[in-house]
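Atom set for the values below is all heavy atoms of this structure, side chains included, hydrogens, waters and symmetry mates excluded. In this text, all values refer to a predicted model and were calculated from it rather than measured experimentally.
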Amino acid sequence: RAQKTVISSSLILHACKIINTRMTNSISPEAKYYKNEVLTLLDQNLPYETLHMKILDATSMFAKVMYGKPLEPVMIKTLENSTHSVLKGNDPVFSLMDRRMRCVFKCASKFSPKGNGVNPHPISMRTGRQEQSDDVQKKINVIKVEFSNLISKEAKKLGFNVFEDELVQATYESYKIISHCVNLYGDVIFKPMVNQLTSE
């Protein structure tokens, strides 16, 4: 999910660049449709030529909506070349957004919920579906809001404006998995590993 967000952000940034428009937080419903179309296409297992053609169509329509008029042939050609470069992974904008995405995940990995209280993670492995108490669910909701606000701010700062929600979701899923593992196995696995590494 995170890598697809990087690819999509790079493509949309190129689309904004050719029409000399900054990528903002607020876009029209029609522009949002074509942005989401790019994400949908990346989820499909399409042959490269088909993927390239369909993504070029979606990003061209996004740029047209943002521009307010049809794109000039030179703009479409520039967008075609940048789309190819991004999909092949050898585009400078893609490389930049990939590094920035890693910064967002680094920020997420350092997240520590404020305050104490109910532990939102199970203290032992149990089979079957477990019902959560109201206190636990409330604690989880508070943590999620706190986490989302932090990552949203970082994502906007690093240029993921219109893909902020997708990046927040991707980082939150990773945070939950890592946090769950640390709470379950921190004392028996991770701390001994750290102690061993630091003693060498």
Side-chain angles (χ1 to χ4, degrees), residues 1-110 147-175 177:
R1 183 193 290 263
Q3 198 64 20
K4 289 171 185 174
T5 301
V6 170
I7 295 171
S8 302
S9 296
S10 304
L11 292 166
I12 294 301
L13 278 171
H14 276 297
C16 289
K17 183 179 179 182
I18 66 168
I19 58 174
N20 198 28
T21 299
R22 294 188 64 182
M23 189 163 68
T24 61
N25 297 333
S26 178
I27 58 175
S28 69
E30 190 177 3
K32 188 174 183 179
Y33 169 82
Y34 290 113
K35 178 215 90 170
N36 290 335
E37 180 69 10
V38 173
L39 286 167
T40 301
L41 289 168
L42 290 172
D43 277 332
Q44 300 174 9
N45 189 24
L46 298 173
Y48 176 77
E49 293 301 327
T50 304
L51 179 66
H52 180 270
M53 179 184 66
K54 290 192 173 186
I55 284 187
L56 177 60
D57 287 343
T59 52
S60 296
M61 289 304 298
F62 175 89
K64 179 183 176 181
V65 170
M66 296 291 287
Y67 197 40
K69 56 185 177 181
L71 302 182
E72 299 168 12
V74 66
M75 292 177 170
I76 296 175
K77 184 62 179 177
T78 300
L79 194 54
E80 180 182 356
N81 293 336
S82 62
T83 299
H84 176 75
S85 297
V86 170
L87 293 178
K88 287 295 185 180
N90 56 8
D91 176 74
V93 174
F94 170 80
S95 298
L96 173 64
M97 298 310 289
D98 186 64
R99 290 194 299 272
R100 289 182 174 183
M101 180 269 292
R102 294 173 191 275
C103 289
V104 175
F105 270 81
K106 185 176 181 180
C107 177
S109 69
K110 294 179 179 180
F147 179 92
S148 299
N149 288 340
L150 173 68
I151 300 303
S152 292
K153 182 178 179 180
E154 190 71 11
K156 289 175 184 176
K157 185 175 73 175
L158 294 175
F160 289 100
N161 304 57
V162 298
F163 292 94
E164 170 194 338
D165 292 342
E166 289 80 6
L167 197 52
V168 167
Q169 183 63 30
T171 52
Y172 185 66
E173 289 174 0
S174 298
Y175 163 75
I177 294 170

Practice problem: To the nearest 0.5 angstrom, please state how far the CZ atom of Phe94 sits from the OG atom of Ser9. | Solution: 10.5 Å

Exercise. Find the distance between CE (Met61) and CD (Glu37) and round it off to the nearest 0.5 Å.
Key: 11.0 Å

Self-check item: Over all atoms of both residues, closest heavy-atom pair of Lys156 and Asn161
Solution: O-OD1, 3.9 Å

Exercise. Say whether, by atom type as modelled, one donor and one acceptor occur between the side chain of Ser152 and the main chain of Asn149 under 3.5 angstrom.
Key: no

Quiz item: After noting the C-alpha distance and the side-chain angles of Val104 and Arg100, does the key distance pass the side-chain contact (heavy atoms from CB on, under 4.5 Å) rule?
Solution: CA-CA 6 Å; Val104 175; Arg100 289 182 174 183; 5.7 Å; no

Self-check item: Steps toward side-chain contact (heavy atoms from CB on, under 4.5 Å) verdict (His14, Val86)
Solution: CA-CA 10 Å; His14 276 297; Val86 170; 3.8 Å; yes

Quiz prompt | Heavy-atom pair of closest approach, residues Ile19 and Met75 | solution = CG2-SD, 4.5 Å

Quiz item: Should Leu87 and Leu42 count as side-chain neighbours, where that means a heavy-atom distance under 4.5 Å?
Solution: yes

Quiz item: How far does CD1 of Ile151 sit from OG1 of Thr171, to the nearest 0.5 angstrom?
Solution: 4.5 Å

Quiz item: Closest heavy-atom contact between Phe163 and Lys35?
Solution: CZ-CG, 3.4 Å

Quiz item: Do the side chains of Leu39 and Asn36 get nearer than 4.5 Å, heavy atoms only?
Solution: yes

Quiz item: What is the minimum heavy-atom distance between Ser174 and Phe105, and which atoms define it?
Solution: OG-CE2, 3.4 Å

Quiz prompt | Least distance between heavy atoms, Phe147 atom then Val168 atom | solution = CE2-O, 4.1 Å

Self-check item: Distance in Å, Leu41 CG paired with His52 NE2, rounded so as to fall on 0.5 Å steps
Solution: 12.5 Å

Practice problem: Evaluate the side-chain proximity of Asn81 to Lys77: yes if any heavy-atom separation is below 4.5 Å, no if none is. | Solution: yes

Quiz item: Say you draw a straight line from OG of Ser60 to CG of Leu79; how long is it, rounded to the nearest 0.5 Å?
Solution: 4.5 Å

Quiz item: Do Lys106 and Lys110 touch side chain to side chain, with heavy atoms closer than 4.5 Å?
Solution: yes

Self-check item: Ring-face cation contact, Tyr48 with Lys88, 6.0 Å cut, 45° max
Solution: yes

Exercise. Supply the atom-to-atom distance Met97 CE to Asp91 CG, rounded to the nearest 0.5 angstrom.
Key: 11.0 Å

Quiz item: For Asp43, which residues count as a side-chain contact (heavy atoms from CB on, under 4.5 Å) partner, sequence neighbours excluded?
Solution: Lys4

Quiz item: Could Lys69 and Tyr67 be counted as a cation-pi pair, given that NZ or CZ must be under 6.0 Å from the ring centre and within 45° of the axis?
Solution: yes

Self-check item: Residues, nucleotides or ligands: over 12 heavy atoms within 6.0 Å of Asn90 CG
Solution: yes

Quiz item: With Leu11, which of Val6, Val38, Val93 fulfils side-chain contact (heavy atoms from CB on, under 4.5 Å)?
Solution: Val38

Quiz item: Can you find a pair of side-chain heavy atoms, one from Gln3 and one from Met101, that are under 4.5 Å apart?
Solution: yes

